[in-house]
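Note sheet for the following structure.
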Amino acid sequence: MTRFFTGPILALAMVLGGTALITTSTPVQAFTDVYDFESAKQEKDFQDLTATLRCPKCQNNNIADSNAALALDMRQKTYELLQEGKSKQDVVDYMIARYGNFVTYNPPVMASTLILWLGPLFFIVVGFTILVMRSRKSTEKVTDTDLQGDEEDRLKALMTELGTETGTDADDVSKQTNQDGKVK
C-alpha cells in the first residue's frame with residue numbers, strides 16, 4: 001500500500017521543491033561598463049555615439065541601452081576607437097563598414113534604400129490621385145437624355161394606361177409631366 005502513495009507523493013514533492021527554487025530570491029548581478037576617458041569631450045562623444053548606434057541584435061535599442069553581448073563588444077570598440085583619437089564620424093564609418101547601414105537610425109539614400117525613402121511618398125501620391133478621381137466622378141451630374149419620338153409615344157401610352165387603371169384621366173397624367181416630358 002505504501003508503494004501506491006510514494007509515486008504521487010514523490011511527484012508532488014518534486015513540483016513543490018522546484019517551485020520553491022524558482023521563486024526564492026537569488027541575487028542578480030548586473031555588469032556596468034566603466035571606462036576612463038582622457039577628456040570630458042571624449043566622454044561626451046562616447047555617450048553620443050552609444051546613444052545613436054543601434055544594436056544589430058536588439059534592433060530597437062541603441063548600444064548604450066542594450067545588454068546583448070554584441071552591444072557590449074560595440075561599446076568596447078567605440079571606446080577603443082575614441083582612445084586612438086578617431087572622430088565620431090570615423091567610429092560611425094567603422095561600425096557601418098562592419099555591421100552595415102542598419103546600425104544607424106537614419107540610413108543613407110542609396111539605390112538599395114530608395115524604396116524606403118520614396119515608398120511612402122508613392123503611396124501618398126497614388127492615394128491622393130484615387131481620392132481626387134473618385135470625388136470628380138461623383139460630382140459629375142447625370143445628364144438628362146431627350147427621348148426619341150417612338151420612346152415619347154410609348155411613354156404617353158403607358159401614362160394613359162396607368163391613368164385608366166388608377167381612375168385618373170389622361171389629361172391629369174399629362175398635367176403631372178413637365179414641359180420636357182418628364183413625370184413630376
Side-chain angles (χ1 to χ4, degrees), residues 1-140:
M1 181 113 178
T2 57
R3 280 189 188 177
F4 180 71
F5 288 111
T6 55
I9 292 174
L10 183 61
L12 181 63
M14 290 176 69
V15 168
L16 291 176
T19 306
L21 283 175
I22 291 172
T23 57
T24 57
S25 63
T26 56
V28 178
Q29 293 181 346
F31 295 102
T32 305
D33 299 332
V34 179
Y35 299 105
D36 293 325
F37 296 99
E38 296 171 3
S39 67
K41 181 191 179 307
Q42 200 175 50
E43 184 176 0
K44 173 125 175 59
D45 289 346
F46 177 79
Q47 290 172 354
D48 290 344
L49 284 169
T50 57
T52 58
L53 292 173
R54 185 187 320 196
C55 176
K57 184 176 180 183
C58 302
Q59 297 182 1
N60 289 332
N61 288 349
N62 55 30
I63 62 173
D65 296 337
S66 176
N67 290 330
L70 182 59
L72 177 67
D73 292 342
M74 290 175 74
R75 284 193 301 266
Q76 182 63 36
K77 191 62 178 178
T78 301
Y79 173 74
E80 290 171 6
L81 291 173
L82 287 174
Q83 289 299 317
E84 293 173 7
K86 304 285 184 182
S87 69
K88 286 170 63 173
Q89 189 59 44
D90 292 337
V91 174
V92 171
D93 291 342
Y94 174 83
M95 294 296 179
I96 288 173
R98 180 149 186 186
Y99 300 105
N101 286 321
F102 184 78
V103 296
T104 60
Y105 282 105
N106 50 350
V109 179
M110 299 177 359
S112 61
T113 61
L114 203 56
I115 193 164
L116 294 174
W117 292 99
L118 296 180
L121 181 64
F122 172 75
F123 283 113
I124 289 171
V125 168
V126 168
F128 184 73
T129 303
I130 290 172
L131 185 67
V132 167
M133 297 298 284
R134 289 190 66 155
S135 67
R136 283 187 182 173
K137 201 178 275 187
S138 66
T139 59
E140 292 176 359

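Positions are given from 1, in the same order as the sequence printed here. Every value quoted in this text rests on a predicted model; they were computed, and no experiment measured them.
By the side chain to side chain contact (heavy atoms under 4.5 Å, CB included) test, Asp65 is found to be paired with Asn62, residues two or more places apart in sequence or in another chain being considered. For Leu114, the side chain to side chain contact (heavy atoms under 4.5 Å, CB included) criterion is met by Val109, Leu118, not counting sequence neighbours. Among residues two or more places apart in sequence or in another chain, the side chain to side chain contact (heavy atoms under 4.5 Å, CB included) test is passed with Gln76 by Tyr35, Tyr79, Glu80. Residues forming a side chain to side chain contact (heavy atoms under 4.5 Å, CB included) with Ile130 (at least two apart in sequence, or on another chain): Val126, Arg134. Under the rule for a side-chain hydrogen bond (donor to acceptor under 3.5 Å, both in side chains), Glu43 has no partner lying at least two apart in sequence or in another chain.
Sorted by first and then second residue, the ring-ring contact (aromatic ring centres under 6.0 Å, His included) pairs involving residues 52-76 (not counting sequence neighbours) form an empty list. Here ring-ring contact (aromatic ring centres under 6.0 Å, His included) pairs that include residues 80-116, with residues two or more places apart or in two chains, number zero. Listed by first and then second residue, the salt bridge (charged side-chain N to carboxylate O under 4.0 Å, His left out) pairs involving residues 88-115 are Asp48-Lys88 (not counting sequence neighbours).
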Would you please test Val103 and Ile63 for side-chain contact (heavy atoms from CB on, under 4.5 Å) and show each step? CA-CA 9 Å; Val103 296; Ile63 62 173; over 6 Å; no
Evaluate Thr52 against Thr104 for side-chain contact (heavy atoms from CB on, under 4.5 Å), listing each step before the verdict. CA-CA 7 Å; Thr52 58; Thr104 60; over 6 Å; no
Evaluate salt bridge (Lys or Arg N to Asp or Glu O under 4.0 Å) for Lys77 paired with Asp73, printing each intermediate quantity in order. CA-CA 6 Å; Lys77 191 62 178 178; Asp73 292 342; over 6 Å; no
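Scanning all heavy atoms of the two residues, the minimum distance from Ala68 to Lys57 falls at CB-CD, 3.9 Å. Residue Leu82 comes nearest to Asp45 through the heavy atom pair CD1-C, 4.1 Å, listed as atom of the first residue, atom of the second, then distance. Shown here for Arg54 and Met74, the closest heavy-atom pair between the two residues is O-CE, 3.9 Å. Cys55 approaches Ser66 most closely through the heavy-atom pair SG-OG, 3.6 Å.
Phe37 has its side chain within reach of Gln83: a pair of non-hydrogen atoms, C-beta onward, lies under 4.5 Å apart.
Atom CD1 of Ile115 sits in a sparse spot, with 12 or fewer heavy atoms from other residues, nucleotides or ligands closer than 6.0 Å.
Leu70 CG to Cys58 SG: the interatomic distance, rounded to the nearest 0.5 Å, is 8.0 Å.
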